[in-house]
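As the structure lists them, so they are numbered: ligands from 1, and atoms in each ligand from 1.
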Amino acid sequence: MHPRDQTIFALSSGRPPSAIAVVRVSGSQAGQVLTALAGKLPLPRLASRRLLRNAEGQPIDDAVVLWFPGPASATGEDVAEFHVHGGRAVLSAVFTAISAIPNTRAAEPGEFTRRSFENGKLDLTEAEGLDDLIHADTDRQRRQALRQLQGLLGDRARDWRERIIEASALIEAAIDFSDEGDVPAELMAPALKAIGALHGEITKVLAAQGHAERLREGLVVAIAGPPNVGKSTLINQLARREVAIVSPHAGTTRDIIEVQLDLDGYPVTVIDTAGIRETEDPVEQEGVRRARARAADADLVLWLTGPGADVDARPAGSTPVWMVRNKIDLGQEASAAEATADRTFAISARHGDGLAELIEVLVGFAAEFFGTGEGALVTRARQRDLLRQAADCLQRSLDFAKHGEELVAEELRAAAYALGRLLGRVDVEDVLGAIFQKFCIGK
Ligand SMILES: Nc1nc2c(ncn2[C@@H]2O[C@H](COP(=O)(O)OP(=O)(O)OP(=O)(O)O)[C@@H](O)[C@H]2O)c(=O)[nH]1
Ligand SMILES: [K+]
Ligand SMILES: [Mg+2]
């Protein structure tokens with residue numbers, strides 16, 4: 001039997017031991033598995049308590065079982081669920097009993113979702129949303145993933161694709177009905193009008209997206225500055241724990257230190273770096289090199305200064321830089337360089353003054369950066385690229401209108417194809433592998 005047609009099973013809940021563990025089974029043998037372990041099939045979608053037994057009739061566990069006959073199931077196939085006590089020995093006995101039934105095997109990572117996708121239960125954007133939902137750490141990531149899982153982008157893309165196909169049909173008809181190259185204007189005009197509207201809608205959605213796809217990875221904020229200005233003290237304050245060593249010795253931090261923060265639901269990676277200065281010490285030189293590189297890659301640099309520090313060493317470039325004057329408890333005066341900064345703050349990292357304001361402004365920056373609101377539809381570069389392709393094809397089809405209907409039709413086909421790829425309907429083997437492998441087993 002082809003692996004695709006085999007019945008798969010997996011632990012779908014967390015790592016044992018746990019109070020309850022959920023084992024899912026999907027495929028044509030799911031009913032057989034359920035009867036073999038639990039006696040007769042329970043009523044569909046109703047929890048039933050059963051004593052599970054192995055092939056020799058030995059009891060395995062007292063369990064709750066569920067039966068979801070396909071196609072009205074999560075995967076579209078027959079699905080059985082066993083809610084057992086989450087001990088390793090219990091699970092191993094359940095797996096052994098299931099494996100004893102012919103044509104069953106352990107599921108690959110993401111295989112349940114892949115089957116849902118293949119059976120038309122999910123489009124690709126929804127599968128991506130599901131992946132994001134499982135991996136969401138912060139509340140905003142969760143909400144964005146849920147919107148994707150609910151198919152908001154998929155619905156728009158399906159609607160656009162259908163309308164492109166309708167416009168194509170008009171153009172093809174116009175070509176068919178044309179005599180001696182005279183294409184009927186009553187067919188072309190409405191098609192071009194529809195294409196113009198579609199182009200407008202897609203570009204509008206693209207323009208409304210901030211860096212919503214970055215919400216999955218988070219915003220990167222680098223703390224940089226001269227040695228000893230209190231960079232490590234600040235990261236410890238933001239993290240509310242001792243992630244970096246603080247000492248009065250200049251050149252304490254050499255490696256890059258990262259912490260993941262949840263700032264009002266936004267995922268933010270804060271990086272502490274080595275103090276930037278000229279030095280003879282090769283290890284510190286390497287630290288300074290890394291510090292500069294990471295600050296240049298960051299989405300935002302907090303350039304810390306302290307009493308006597310050389311403020312003009314701050315990086316030039318496109319990354320926004322905020323000047324943060326630290327140690328205000330020592331009565332440090334504002335410097336002339338602050339006037340040229342994107343923003344300035346005055347804090348005492350050690351005592352906490354000014355930190356609440358700094359964090360509040362950071363949250364505002366994150367909100368603007370991700371540009372999410374509840375409207376973000378595009379959450380991956382893949383989606384953005386394909387939407388852009390579709391929009392470009394539509395634009396070209398309009399540009400070509402005067403030069404020949406065949407060219408218009410060709411661009412429309414390409415636009416529909418791009419949206420088909422977005423939805424996972426065509427030519428997606430490459431993406432599928434990449435996406436489903438990242439899922440956990442049992443999902
Ligand atoms: N008075 C005062 N001292 C501070 C403040 N913040 C940090 N310090 C002190 O400044 C010294 C250096 O702090 P660090 O956090 O190690 O500074 P750093 O910028 O990480 O230093 P390097 O890693 O060596 O570049 C330590 O003695 C801190 O206790 C502050 O707000 N006020
Ligand atoms: K230090
Ligand atoms: Mg440090």
When you check the gap from the basic side-chain N to the acidic O, do [X] and [Y] get nearer than 4.0 Å?
| X | Y | result |
| --- | --- | --- |
| R142 | D132 | no |
| R350 | D329 | no |
| E284 | R254 | yes |

As a check for students: among [options], identify the option with a heavy atom nearest to [atom].
| atom | options | answer |
| --- | --- | --- |
| atom 24 (O) of ligand 1 | T252, V246, I347 | T252 |
| atom 5 (C) of ligand 1 | R350, H351, R277 | R350 |
| atom 21 (O) of ligand 1 | I223, N228, I245 | N228 |

(message) Going by ring pair (Phe, Tyr, Trp, His ring centres under 6.0 Å), F9 matches just one of F82, F112, F95. Which one?
(response)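 Answer to the ring pair (Phe, Tyr, Trp, His ring centres under 6.0 Å) test with F9 among F82, F112, F95: F95.
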
Check ligand 1 against [X] and write out every atom of the ligand that is under 4.0 Å from a heavy-atom position of the residue.
| X | result |
| --- | --- |
| T233 | 6 (N), 7 (C), 13 (O), 14 (P), 15 (O), 28 (C) |
| L330 | 1 (N) |
| K231 | 15 (O), 17 (O), 18 (P), 19 (O), 20 (O), 21 (O), 22 (P), 25 (O) |
| G275 | 25 (O) |

(request) Check whether more than 12 heavy atoms from other residues, nucleotides or ligands sit under 6.0 Å from atom CD1 of I245, and answer yes or no. (result)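 Atom CD1 in I245 is not packed in, count stays at 12 or less.
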
(request) Decide side chain to side chain donor-acceptor pair (under 3.5 Å) for T125 and D123; before the verdict, give the C-alpha distance in whole Å, the side-chain angles of both, and the deciding distance to 0.1 Å. (result) CA-CA 6 Å; T125 65; D123 70 36; 2.6 Å; yes

Short N or O distance, [X] and ligand 1, threshold 3.5 Å exclusive:
| X | answer |
| --- | --- |
| P227 | no |
| T273 | no |
| S348 | yes |
| A250 | no |
| P226 | no |

Under a 3.5 Å cutoff, is there a donor and acceptor pairing between the side chains of [X] and [Y]?
| X | Y | result |
| --- | --- | --- |
| S26 | E77 | yes |
| T253 | S232 | yes |
| Q389 | D385 | no |
| E81 | H83 | yes |

Using a 4.0 Å heavy-atom cut-off, say whether [X] meets ligand 1 through its side chain, its backbone, both or neither.
| X | result |
| --- | --- |
| I328 | neither |
| D329 | side chain |
| A244 | neither |

(message) As an exercise, state the distance from CG of D139 to CG of D264, rounded to the nearest 0.5 Å.
(response) 9.5 Å

(message) Measuring from atom CG of L362 to atom CG of L263, what distance do you get when rounded to the nearest 0.5 angstrom?
(response) 6.0 Å

(request) Considering just N/O/S atoms, say which atom of H249 is closest to the K ion (ligand 2). (result)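 Per the distance ranking, H249 contributes O as its closest N/O/S atom to the K ion (ligand 2).
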
(request) Measure up the F345 and W322 rings against each other and bin them: parallel (under 30°), tilted (30 to 60°), perpendicular (over 60°). (result)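 Tilted.
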
In terms of residue, atom name and distance, what is the protein heavy atom nearest to [atom]?
| atom | answer |
| --- | --- |
| atom 17 (O) of ligand 1 | G230 N, 3.1 Å |
| atom 6 (N) of ligand 1 | N326 ND2, 3.2 Å |
| atom 23 (O) of ligand 1 | T253 OG1, 2.8 Å |
| atom 10 (O) of ligand 1 | K327 NZ, 3.0 Å |

(message) Any N/O/S atom from S247 (main chain or side chain) under 3.4 Å of the K ion (ligand 2)?
(response)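 Short answer: yes, at least one N, O or S atom is under the cut-off.
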
(message) Using a distance threshold of 3.4 Å, state whether an N, O or S atom of S232 lies below it from the K ion (ligand 2).
(response)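 Checking S232: none of its N, O or S atoms is under 3.4 Å.
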
(request) Quickly, which of R115, R114, K121 forms a salt bridge (Lys or Arg N to Asp or Glu O under 4.0 Å) with E118? Name it, please. (result) R114

(request) Please verify whether a non-hydrogen atom of H249 lies at under 4.0 Å from ligand 1. (result)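 Right, H249 reaches ligand 1.
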
(request) Compute the angle centred on the Mg ion (ligand 3) spanning OG of S232 and OG1 of T253, and express it rounded to 10 degrees. (result)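 So the angle at the metal works out to 90°.
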
